[in-house]
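Small disclaimer: the values here were computed from a predicted structure and weren't measured.
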Amino acid sequence: MNDAPKIPHVAWRGGRPRFEPSKTLRAQGYQGRDLKNADDTWMSAGQALDWSRAFAHELKAARRAAAPRPKIATPQPRPVAPPPPAYPLKRLFADWLHPEKNPDLRDLRPKTIYEYSLKQKVLEKNVSEVWLAEAAALTKPICKGIYTTLRNKVGLAQAVGTMRVLGIALQWAMDSGALPDMLVNPAHKLKMRKPDPRVRFATPEEIEHLVATADKMGRPEVGDMIILGVWSGQRQADRLEFDLTARVDGRIIVRQNKTGVIVSLMEAPELTARIEAAAKRRAIALGNLDSVVDLEEARQRRSRFNKVMQRLILDERHWAPFQKRHYNAIYTDVRSAAAVTMKSIADLNDQDLRDTAVTWLAMASATIPEICSITGHTFGSANEILKHYLALHPEMADSGLSKMIVWHEQKQAKRTADA
């Protein structure tokens with residue numbers, strides 16, 4: 001019967017309904033049978049549909065009853081957050097760089113402390129998980145991993161410098177008792193690759209061109225700083241802080257404004273000319289104050305002017321001491337302008353002036369002790385500079401060999417004369 005209705009579990013034979021269990025239902029014990037009413041009449045299509053629905057409901061109930069009951073879940077304890085580190089690296093650095101907790105900081109130069117704080121930021125930014133972790137948990141493999149991470153992120157020189165500062169900080173904590181269980185400094189002897197030295201010093205032609213450019217740009221004080229750097233060999237931070245206290249017998253006596261350290265410098269002609277030109281500019285600026293109509297304003301300006309007059313280098317646009325960043329920005333502008341007509345100047349930093357002084361002194365046959373007495377370098381640091389810088393100047397070797405030739409000829413002449 002092709003037009004018989006399709007009802008689940010019901011098959012039609014000659015127009016009569018019959019329950020035909022599937023293989024699965026037969027396996028469960030169900031057997032086929034004719035679908036008849038209680039009075040032995042055949043079910044109609046509607047009655048067969050009602051039977052099918054009731055049978056499906058019966059199957060569903062049987063399956064639920066046979067299904068295994070789910071086990072009652074055993075309550076699991078909530079994870080407990082680990083306690084915060086007792087002495088994280090962050091706190092170690094805060095203690096180490098606090099002058100009350102580390103009085104030895106007062107013996108260091110401000111620039112050194114500033115560099116330490118910069119390295120602290122490198123750690124905080126690039127290895128934050130270590131920065132917030134227990135300092136006592138650091139091991140040599142962990143420190144080696146920090147070095148590798150920093151080298152990939154910030155470069156070799158910064159990575160090496162940061163790990164050295166980390167080693168200094170850890171050693172302070174070990175010595176002060178903050179890390180009693182750390183017996184060996186894990187940041188020491190990491191076998192880090194030594195950065196290639198910066199090989200750069202200026203020629204006389206470059207210095208002359210750079211100073212001339214500063215003067216043309218209306219920044220003669222930058223030219224003064226450059227000449228002072230070359231002819232004193234002093235650090236930039238010190239040059240910006242020098243007070244001129246006296247000029248006696250061809251020497252200038254300067255005092256470092258923050259530390260009070262006195263430095264006596266022989267006046268080279270180039271330096272003398274710059275100092276005297278600066279004095280004239282200041283005299284003109286002071287005289288211009290007389291043109292201020294308001295007497296009280298003139299008095300205040302003169303008072304401020306007199307307070308900074310002893311400073312050897314001043315920002316002459318504002319007659320105030322230079323801030324380091326401001327000076328570096330102006331120096332960069334001057335250098336960029338100078339590089340337009342002398343390209344070699346493009347990579348000359350102010351910090352290179354100090355090494356230029358060491359190199360020029362050596363090329364003029366000054367001894368290591370003489371160089372150190374002028375620039376303030378240690379013997380070791382001066383030798384390190386010369387090892388890298390003088391290799392670029394074969395005339396130094398030629399000069400030394402010429403001296404040896406003269407010495408040898410004199411010895412030969414003496415032996416001949418004695419014979």
Got a sec: does the NZ of K125 have more than 12 other heavy atoms crowding it under 6.0 Å? no
Heavy atoms of other groups near R106 CZ, more than 12 under 6.0 Å: yes
Under 30°, 30 to 60°, or over 60°: which ring-plane class applies to H318 and H326, parallel, tilted or perpendicular? tilted
Test item: Q351 and Q236 side chains (from C-beta on) under 4.5 Å apart, heavy atoms: yes
Quick check for you: to the nearest 0.5 Å, what is the distance between T24 atom OG1 and Y30 atom OH? 12.0 Å
Is Q158 reaching over with its side chain to a backbone N or O of G155, donor-acceptor style, under 3.5 angstrom? no
Find out whether M163 and M192 are in side-chain contact, i.e. whether some heavy atom of one side chain is under 4.5 Å from a heavy atom of the other. yes
With a 4.0 Å cut-off on N to O distance, would you call E241 and R239 a salt bridge? no
Would you call L97 and N102 a side-chain contact if the rule is heavy atoms closer than 4.5 Å? no
With a 4.0 Å cut-off, would you call R109 and D238 a salt bridge? yes
Distance from I146 atom CD1 to L89 atom CG, nearest 0.5 Å? 7.5 Å
State, yes or no, whether a side-chain contact exists between D50 and M43 at a heavy-atom distance under 4.5 Å. no
Do the ring centers of Y331 and F322 come within less than 6.0 Å of each other? no
Any Lys/Arg nitrogen of R219 or E221 sitting under 4.0 Å from an Asp/Glu carboxylate oxygen of the other? yes
Measure the shortest side-chain to side-chain distance between P88 and W131 over non-hydrogen atoms and say whether it is less than 4.5 angstrom. no
Less than 4.0 Å between a side-chain N and a carboxylate O, is that true for E20 and R13? yes
Considering residues at least two apart in sequence or located in another chain, which fulfil the side-chain contact (heavy atoms from CB on, under 4.5 Å) criterion with E267? R247, I252, T272
Lys/Arg N to Asp/Glu carboxylate O, D224 vs R281, below 4.0 Å: yes
D347 with R200: basic N within carboxylate O range, under 4.0 Å: yes
Show your working on side chain to side chain contact (heavy atoms under 4.5 Å, CB included) between V254 and T245 and close with a plain yes or no. CA-CA 5 Å; V254 294; T245 60; 5.8 Å; no
Rounding to 0.5 Å, atoms SG (C143) and CG (L190) come to a distance of 6.0 Å
Who pairs with R164 by side chain to side chain donor-acceptor pair (under 3.5 Å), at least two apart in sequence or on another chain? none
State plainly whether the residues K119 and E115 are in salt-bridge range, i.e. N to O under 4.0 Å. yes
Please report the C-alpha distance between L353 and I207 in whole Å, then the side-chain angles of each, then the deciding distance to 0.1 Å, and finally whether the side chain to side chain contact (heavy atoms under 4.5 Å, CB included) criterion is met. CA-CA 9 Å; L353 301 177; I207 293 298; 3.7 Å; yes
Kindly compute the distance separating CZ (R335) from CG (L210), expressed to the nearest 0.5 Å. 9.0 Å
Measuring from atom CZ of R18 to atom CH2 of W42, what distance do you get when rounded to the nearest 0.5 angstrom? 7.5 Å
Aromatic plane relationship, W360 with W231 - under 30° parallel, 30 to 60° tilted, over 60° perpendicular: perpendicular
More than 12 non-hydrogen atoms from neighbouring residues, nucleotides or ligands closer than 6.0 Å to NZ on K90, yes or no? no
Would the number of heavy atoms belonging to other residues, nucleotides or ligands and lying under 6.0 Å from CD of E208 be above 12? no
Just wondering, are more than 12 heavy atoms of other shown residues or ligands nearer than 6.0 Å to NZ in K216? no
